[in-house]
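Here the structure comes first, spelled out in structure tokens, and everything after it is commentary.
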Amino acid sequence: EREVAAGRHAGRPGGVGSPPWGGGPARRAPHGRTPPGSPPPPPLKPFRFWPRLLRLVALIILGFFGLLTACQHKLIYFPSPYQSGEPAAFVQRGGQRLDFTTKQGRQTAWLIPPRDGKPVERLWLVCAGNASTALAMDGYCRSLPFTGDAFLLADYPGYGDCEGSPHPDDIRDSLRQSLPLAAKALGLTEADLPGRTIVFGNSLGCAAGLIAADEFKLRRAVLCAPFTSTMEMAKVKLGLPLGFLVWPRFDNRARLAAFS
């Protein structure tokens, strides 16, 4: 009955079955069909799930690699400055401060002369770890019974009182200058270094010490807690073969082969 009534009032403004604005009856279409005379709906675009998913995964992987590459310097080096009065206390204990300049800026190394006051027997090049400074090794060196030996405590660029930032090439530049300075202060020549110098390295200092051994053709070294290479360390730490992303490259295995 309602449908018949609606049919009677079709076309009457305000009538049952007409739109509220009048002008004709409301046309109904079965569910899912387009009313007669209406333009067809635009075709649905297929949802490209897999291409979007692959793009998202690629962006995540690239972001991870980019973050790893940008932050790896901070994952390898942990430089810290000296506390107030620490260098002065070293000098008061009889140590010598050796200042020089590289492309990284002003650099400093620290020399402990022989405690017996006699001509030096051996010169130890002491290279600390990546989270330590050179003067942190002062007490250890003074505790050794080698009273006729001298100790050169090497700081890396950016560590202690040194300017700049560390890198294998810049560490080499620093050692290239500090070791001859120490030899001169002890009355040695650079030609004396291969037979009179011993490297002592701890952790990252093993790599630095082997760089000096390569530079000056040194013959003896004591390596404490060494590692093979930063590339292989990256694989151990991350569990993935990502060594090719590591740009501060220390390859101790290759330098040990040359050292032998």
Side-chain angles (χ1 to χ4, degrees), residues 77-166 170-190 192-193 195-209 211-213 215-216 218 220-225:
Y77 305 106
F78 300 92
S80 60
Y82 285 122
Q83 297 180 359
S84 178
E86 193 174 357
F90 173 81
V91 174
Q92 290 176 359
R93 290 192 294 269
Q96 299 179 20
R97 178 182 178 128
L98 304 177
D99 293 310
F100 55 98
T101 303
T102 68
K103 63 181 180 181
Q104 287 289 325
R106 292 175 297 175
Q107 308 296 313
T108 304
W110 312 90
L111 179 63
I112 304 175
R115 285 168 286 164
D116 60 7
K118 299 178 181 180
V120 63
E121 296 179 15
R122 293 178 297 266
L123 171 60
W124 290 81
L125 171 62
V126 181
C127 301
N130 63 338
S132 183
T133 57
L135 292 186
M137 303 296 293
D138 179 33
Y140 173 75
C141 294
R142 293 181 188 274
S143 70
L144 297 174
F146 313 138
T147 57
D149 293 356
F151 299 86
L152 175 63
L153 313 182
D155 263 326
Y156 313 128
Y159 283 70
D161 281 354
C162 297
E163 297 178 339
S165 59
D170 298 309
I171 291 174
R172 180 182 288 271
D173 289 343
S174 183
L175 294 171
R176 187 184 290 130
Q177 294 198 46
S178 62
L179 199 53
L181 281 176
K184 183 178 179 180
L186 296 169
L188 301 175
T189 66
E190 192 167 333
D192 296 324
L193 291 177
R196 305 279 291 272
T197 305
I198 306 173
V199 169
F200 178 84
N202 177 51
S203 186
L204 181 68
C206 297
I211 287 175
E215 181 71 26
F216 294 98
L218 307 182
R220 290 174 289 180
V222 178
L223 306 180
C224 179

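In this structure Q104 satisfies the side-chain contact (heavy atoms from CB on, under 4.5 Å) test together with T102, Q107, P157, S165, D170, sequence neighbours excluded. Residues passing the side-chain hydrogen bond (donor to acceptor under 3.5 Å, both in side chains) test with T101: none are found, sequence neighbours excluded. Listed by chain and residue number, D214, E215 satisfy the side-chain hydrogen bond (donor to acceptor under 3.5 Å, both in side chains) test with R172 (two or more places apart in sequence, or in another chain). Among residues two or more places apart in sequence or in another chain, the side-chain contact (heavy atoms from CB on, under 4.5 Å) test is passed with T189 by A191, D192. F216 is linked by a ring pair (Phe, Tyr, Trp, His ring centres under 6.0 Å) to nothing, counting only residues two or more places apart in sequence or in another chain. For R122, the salt bridge (charged side-chain N to carboxylate O under 4.0 Å, His left out) partners at least two apart in sequence or on another chain are D149. A185 is linked by a side-chain contact (heavy atoms from CB on, under 4.5 Å) to Q96, L111, counting only residues two or more places apart in sequence or in another chain.
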Listed pairs under 3.5 Å, donor-acceptor, residues 114-121 side chains, sequence neighbours left out:
| from | atom 1 | to | atom 2 | distance (Å) |
| --- | --- | --- | --- | --- |
| R115 | NH1 | R142 | O | 2.5 |
| R115 | NH2 | L144 | O | 2.6 |
| D116 | OD1 | K118 | N | 3.0 |

Using a 3.5 Å cut-off and no angle test, enumerate the donor-acceptor pairs between side-chain atoms of residues 198-208 and protein atoms at least two apart in sequence or in another chain.
none

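Listed by first then second residue, pairs satisfying salt bridge (Lys or Arg N to Asp or Glu O under 4.0 Å) with a partner in residues 80-91 number zero, not counting sequence neighbours. Residue pairs satisfying the salt bridge (Lys or Arg N to Asp or Glu O under 4.0 Å) criterion with at least one member in residues 151-162, sequence neighbours excluded, are listed as follows: R97-D161. Among residues at least two apart or in separate chains, ring pair (Phe, Tyr, Trp, His ring centres under 6.0 Å) pairs with a member in residues 97-117 are Y82-W110, F90-W110.
Taking each heavy atom of G158 and P79 in turn, the nearest pair found is O-CB, 3.3 Å. C162 and T108 make their closest contact through SG-N, 3.3 Å (heavy atoms, listed as atom of the first residue, atom of the second, distance). Contact between L153 and A134 at its shortest, heavy atoms only, is CD1-O, 3.6 Å. Summarising the geometry of G95 relative to P113, their closest heavy-atom pair is CA-CD, 4.4 Å, with the distance given to 0.1 Å.
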Review point. Hey, mind stepping through V126 and I112 against side chain to side chain contact (heavy atoms under 4.5 Å, CB included) and telling me if it holds?
Key: CA-CA 11 Å; V126 181; I112 304 175; over 6 Å; no
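To the nearest 0.5 Å, atoms OG1 (T197) and CG (L123) are separated by 4.5 Å.
Counting heavy atoms from C-beta outward, Y159 and L135 have side chains that stay 4.5 Å or more apart.
Here the side chain of S143 pairs a donor or acceptor atom with the backbone of Y140 at under 3.5 angstrom. A distance-only check finds no donor-acceptor pair linking the side chain of Y156 to the backbone of G129 [under 3.5 Å].
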